[in-house]
*Asks:* 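What follows is a structure written as structure tokens; I'll ask about it next.
Order of appearance sets the numbers: ligands from 1, and atoms from 1 within every ligand. Nothing fancy with the numbering, it's 1 onward along the sequence.
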Amino acid sequence: MLLARLDDGPEIFHTLQGEGVSAGLPAVFVRSSLCNLHCRWCDTDHTWNFEGTPWQHDKDADPAYRKHRKAEVAIELPTSEIVARVAAFPCRRVVLTGGEPLLQQEAWLDVIAGLRAVDPAYVFEVETNGTRMPLPEFRAAVDQFNVSPKLANSGMAEGLRTSPEVLAAFAADPKAWFKFVARGGDDLAEIDRFATRFGIPAGKILVMPEGRSSDELDRHALEVAPRCIARGWRFCDRLHVRLWGDRRGV
Ligand code: SF4
């Protein structure tokens, strides 16, 4: 399967889950390459903003920013090697992330089967943008879906970032949780409308402040927290940003 690549190899790393209902738990992250969306603030743009593509990104404002050379930021690895690398960590929680991991479900199924053959106790979380329907066998194999629908602030057209059939399926799935990143009033009002439109129960919604530093998180948290209290949503911090900022591979 095609994984994201760091300077020293595939982006597979042992860390703490920084967001969502499992925040704070140690986990091995495996980051796949490729995404079907191109959010303008995406912090994993190395999974899709390749040379020769027309996508725009906030980082374009930095004269030093360049689109990524795909051969330098993506790596094709056989299932056996991914399994061996993940199994080498003393951790049985694995987060399949991206990019958009549901673009490579068949390959993930092989990885999951390989790891469960090593130890049936493995637990798998999937981070998804909620635009791709899980295959029945993929849904059965995964323990938890962390669904992160994109709002208007992503810069993506609504028809691309919103898949009503997929969102309705996740809203009814006991394995799925919804998490949103918000700056303030406009984002929070949009989450309200979104939850109503797709019938997402308040108890399945987590809202996190936007930010790439603790100062930014603190500022936006003061906007987000009161709406969580009023709506019955779960407030969620972003532990990895507080600990490591926007560094990759930690
Ligand atoms: S869906 Fe996620 S990975 Fe894809 S572009 Fe948007 S933020 Fe980045």
*Asks:* Would R5 and E72 pass as an ion pair if we require N to O under 4.0 Å?
*Replies:*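 Looking at E72 together with R5, the answer is no, because their closest N to O distance does not fall below 4.0 Å.
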*Asks:* With sequence neighbours left out, which residue pairs that include part of residues 102-116 fulfil the salt bridge (Lys or Arg N to Asp or Glu O under 4.0 Å) condition?
*Replies:* R116-D143
*Asks:* Name the one of F170, F178, F124 that satisfies ring pair (Phe, Tyr, Trp, His ring centres under 6.0 Å) with F145?
*Replies:*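 Single ring pair (Phe, Tyr, Trp, His ring centres under 6.0 Å) partner of F145 among F170, F178, F124: F170.
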*Asks:* Give every donor-acceptor pair under 3.5 Å between a side-chain atom in residues 95-103 and any protein atom, sequence neighbours left out.
*Replies:*
residue, atom, partner, partner atom, Å
E100, OE1, T128, OG1, 3.2
E100, OE1, N129, N, 2.7
E100, OE1, N129, ND2, 3.2
E100, OE2, L102, N, 2.9
E100, OE2, T128, OG1, 3.0

*Asks:* Please evaluate residues H68 and D45 with respect to the criterion side-chain hydrogen bond (donor to acceptor under 3.5 Å, both in side chains), reporting the C-alpha separation (whole Å), side-chain torsions for both, the decisive distance (0.1 Å), and the verdict.
*Replies:* CA-CA 8 Å; H68 301 275; D45 51 292; 2.9 Å; yes
*Asks:* For F138, check ring-ring contact (aromatic ring centres under 6.0 Å, His included) against everything at least two apart and list the hits.
*Replies:* none
*Asks:* Protein N, O or S atoms less than 2.8 Å from atom 4 (Fe) of ligand 1, ignoring waters?
*Replies:* C35 SG
